[in-house]
Amino acid sequence: MSTHELYTIPADMRTWDVQMAGSARFTWEYDDGRDRMLALYQKGKDKQWDSVKRVDWGLEVDPYDVLGIPDETIAIYDSPLWHRMDDQTRKEVRRHGAAWQFSQFLHGEQGAMICSARIVESVPDLDSKFYAATQTMDEARHAETYARFLQEKVGLAYPINPYLKSLLDSTLSDSRWDMPYLGMQVLIEGLALAAFGVMRDITTKPLPKQILAYVMQDEARHVAFGRMALRDYYAGLSEAERREREDFVIEGCWLMRDRLRGREQWEALGLSKTEVEEAHKLVDESRYLRLFRSLLFSRIVPCVKDIGLWSPRLQQAYVDMGVLDMAGQNLDDLMRQDEEIAERLDAERFAQEEAERAVEVAETIAAATSD
């Protein structure tokens with residue numbers, strides 16, 4: 001089935017063409033490289049995986065209860081609008097919410113794939129080119145995985161959110177080689193990592209938990225790559241150059257924050273115009289969404305601070321967003337945890353499979369002996 005058949009609202013059938021500027025940079029130094037970057041490159045090679053084989057696609061998913069989480073997490077829950085809905089409409093609210101969220105993950109991963117390829121092209125250092133090449137493959141795998149999940153398990157998809165599209169446009173059209181790092185590795189990947197983490201930790205369903213954990217294992221390396229490259233480069237920026245990057249971060253964070261409203265899903269549910277506006281108001285006032293939004297900056301804020309963009313003006317912007325307290329998060333601990341959760345999930349799955357095989361062998365031997 002074509003993805004266009006799954007879209008809830010019309011999506012442009014043409015490609016989205018972003019005009020890019022800047023240089024493709026070659027280097028003739030093949031022996032030099034930063035030990036930390038080359039170690040990350042080696043890890044990127046070692047940790048490649050096949051989503052066809054690693055993910056257990058035989059697991060069933062209820063499209064009307066994709067994550068298996070309480071309805072209290074829905075912004076309109078227990079409101080007059082919620083109580084006016086029949087059971088089928090509430091089921092559609094759950095389905096559309098999951099479809100919208102995973103669709104944005106999918107589109108973001110395609111954007112990350114293109115940004116990674118852009119970094120290979122434009123970054124001046126060979127060790128960075130090496131690592132970005134492994135990331136490009138990672139992002140292709142993630143897009144493949146989310147597309148299959150939406151097509152086979154949810155059966156519904158949404159076009160790219162205009163706020164995400166705007167940030168990708170700004171990131172890719174800038175001629176400076178560090179901007180794909182800043183826009184993608186720090187902002188988009190940082191927000192995605194936090195969103196994946198919240199959903200991975202609260203879902204009670206094994207298939208989305210697997211997918212989110214395995215993707216996060218890769219994304220932890222990607223954010224580390226952006227931190228490493230930008231921290232080195234930004235240490236030598238002029239005050240004017242640093243201010244330009246901070247302006248980009250502030251605008252990008254507001255865009256990402258506004259993206260979380262997911263207004264498209266309410267309009268696609270067939271609600272009346274008055275009900276759509278009622279839903280929008282409930283979303284803006286939702287206590288759960290405010291908490292979720294704050295948690296989503298748990299990776300971005302400490303990363304921005306770590307790479308050296310931390311003027312009083314930028315800190316004030318985070319105060320205005322209500323997320324400055326996230327600066328105290330330990331990124332290394334969070335990313336170590338991301339890797340450990342994926343590895344533990346693998347260990348549990350393989351142990352279960354071994355146990356099941358042992359039972360089958362024992363039953364076969366017992367049957368043969370009885371004959």
Side-chain angles (χ1 to χ4, degrees), residues 73 75 97 100-102 104-105 107-109 111-112 115 161-168 170-171 179-202 212 215-216 219-227 230-231 234 242 245-263 283-338 341:
T73 61
W100 183 85
Q101 189 71 72
F102 279 94
Q104 303 318 309
F105 290 168
H107 302 313
E109 296 295 353
C115 283
N161 177 271
Y163 295 107
L164 176 58
K165 189 175 184 181
S166 177
L167 183 54
L168 279 171
S170 299
T171 298
M179 298 311 283
Y181 279 101
L182 189 56
M184 178 52 66
Q185 312 288 78
V186 176
L187 300 185
I188 298 175
E189 294 271 32
L191 189 91
L193 251 180
F196 297 165
V198 171
M199 295 174 70
R200 176 200 64 193
D201 294 342
I202 65 175
L212 291 162
V215 168
M216 287 188 73
E219 301 291 8
R221 295 193 305 274
H222 303 167
V223 175
F225 172 45
R227 287 170 67 199
L230 294 181
R231 190 192 301 133
Y234 285 178
R242 187 173 288 106
R245 272 70 175 180
E246 289 182 346
D247 287 342
F248 181 86
V249 167
I250 292 169
E251 181 181 356
C253 285
W254 279 116
L255 282 172
M256 291 292 91
R257 185 177 182 273
D258 290 340
R259 178 178 79 84
L260 302 175
R261 290 186 171 94
R263 288 176 175 262
V283 168
D284 289 339
E285 295 172 352
S286 167
R287 193 166 138 262
Y288 172 78
L289 185 63
R290 283 199 298 271
L291 174 61
F292 184 59
R293 180 182 285 156
S294 176
L295 290 172
L296 291 185
F297 282 85
S298 63
R299 313 286 179 127
I300 292 177
V301 177
C303 189
V304 169
K305 181 180 180 181
D306 183 67
I307 62 177
L309 302 180
W310 202 241
S311 69
R313 188 171 59 95
L314 183 55
Q315 292 179 53
Q316 183 58 52
Y318 284 142
V319 169
D320 296 341
M321 294 178 205
V323 298
L324 183 65
D325 58 335
M326 290 298 170
Q329 293 286 331
N330 188 311
L331 278 175
D332 293 325
D333 286 348
L334 287 171
M335 292 176 186
R336 191 178 303 112
Q337 182 185 58
D338 294 338
I341 288 173

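Note that these values count all heavy atoms, side chains included, but never hydrogens, waters or copies made by symmetry.
Going from atom CZ of Phe196 over to atom CD of Gln101 covers 9.0 Å, rounded to the nearest 0.5 Å. Note that CG of Leu331 is 6.5 Å distant from CG of Asp306, once rounded to the nearest 0.5 Å. We find the CG-CG distance between Leu168 and Leu164 to be 4.5 Å, quoted to the nearest 0.5 Å. Taking OG of Ser311 as the start and CD of Gln316 as the end, the distance is 10.5 Å to the nearest 0.5 Å.
Side-chain contact check for Gln337 and Asp333: no donor-acceptor pair (N or O, by modelled atom type) lies under 3.5 Å. Residues His107 and Gln104 bring no donor and acceptor atom of their side chains to less than 3.5 Å of each other.
Judged by distance alone, with hydrogens and angles left aside, the side-chain atoms of Ser298 form a donor-acceptor pair with the main-chain N or O of Leu295 at under 3.5 Å. Listed for the Glu189 side chain is no donor-acceptor partner under 3.5 Å among the backbone atoms of His222.
Using a 4.5 Å cut-off on side-chain heavy atoms (C-beta onward), Val186 and Val249 make no contact. Between Tyr163 and Trp254, the closest side-chain pair of non-hydrogen atoms is not below 4.5 Å. Contact annotation: the side chain of Met216 never approaches that of Ile341 to less than 4.5 Å [non-hydrogen atoms, C-beta and beyond]. Two residues are said to be in side-chain contact when any heavy atoms from C-beta on lie closer than 4.5 Å; Phe297 and Val304 fail this criterion. Taking the side chain as every heavy atom from C-beta outward, Leu182 and Leu309 approach each other to under 4.5 Å. Looking at heavy atoms from C-beta onward, Lys165 lies out of side-chain contact with Leu255 at the 4.5 angstrom threshold. Looking at heavy atoms from C-beta onward, Gln329 lies out of side-chain contact with Val301 at the 4.5 angstrom threshold. With a 4.5 Å cut-off on side-chain heavy atoms, Asn161 and Trp100 count as touching.
Annotation for Met184 and Gly108: closest pair CE-O, 4.2 Å, computed over non-hydrogen atoms. Closest approach of Ile202 and Tyr288 over heavy atoms only: CD1-OH, 4.0 Å. Residues Trp310 and Gln315 share a closest heavy-atom pair of O-NE2, 3.0 Å. In terms of heavy atoms, Pro180 sits closest to Cys115 at CB-O, 4.2 Å. Met335 and Ala224 get closest at one heavy-atom pair: SD-N, 4.5 Å. Between Arg290 and Glu285 the shortest heavy-atom distance is NH1-O, 2.9 Å.
Annotation for Glu251: atom CD does not count as buried by contact number, only 12 or fewer foreign heavy atoms lying within 6.0 Å.
Just one residue in the list Leu193, Val223, Leu187, Leu230 forms a side-chain contact (heavy atoms from CB on, under 4.5 Å) with Cys303, and that residue is Val223.
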query = Given the rule in the side-chain contact (heavy atoms from CB on, under 4.5 Å) test, do Cys253 and Tyr318 qualify, once you have shown the distances and angles that lead to the verdict?
reply = CA-CA 9 Å; Cys253 285; Tyr318 284 142; 3.4 Å; yes

query = Please walk me through it: do Leu212 and Asp201 pass side-chain contact (heavy atoms from CB on, under 4.5 Å)?
reply = CA-CA 9 Å; Leu212 291 162; Asp201 294 342; over 6 Å; no

ask   = What do the steps show when you test Met256 against Leu296 for side-chain contact (heavy atoms from CB on, under 4.5 Å), and what is the final call?
value = CA-CA 10 Å; Met256 291 292 91; Leu296 291 185; over 6 Å; no

task = Applying side-chain contact (heavy atoms from CB on, under 4.5 Å), run through Lys305 and Met326 and close with a yes or a no.
result = CA-CA 10 Å; Lys305 181 180 180 181; Met326 290 298 170; over 6 Å; no

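The existence of a salt bridge linking Asp338 and Arg221 is excluded, since no basic side-chain nitrogen approaches an acidic carboxylate oxygen closer than 4.0 Å.
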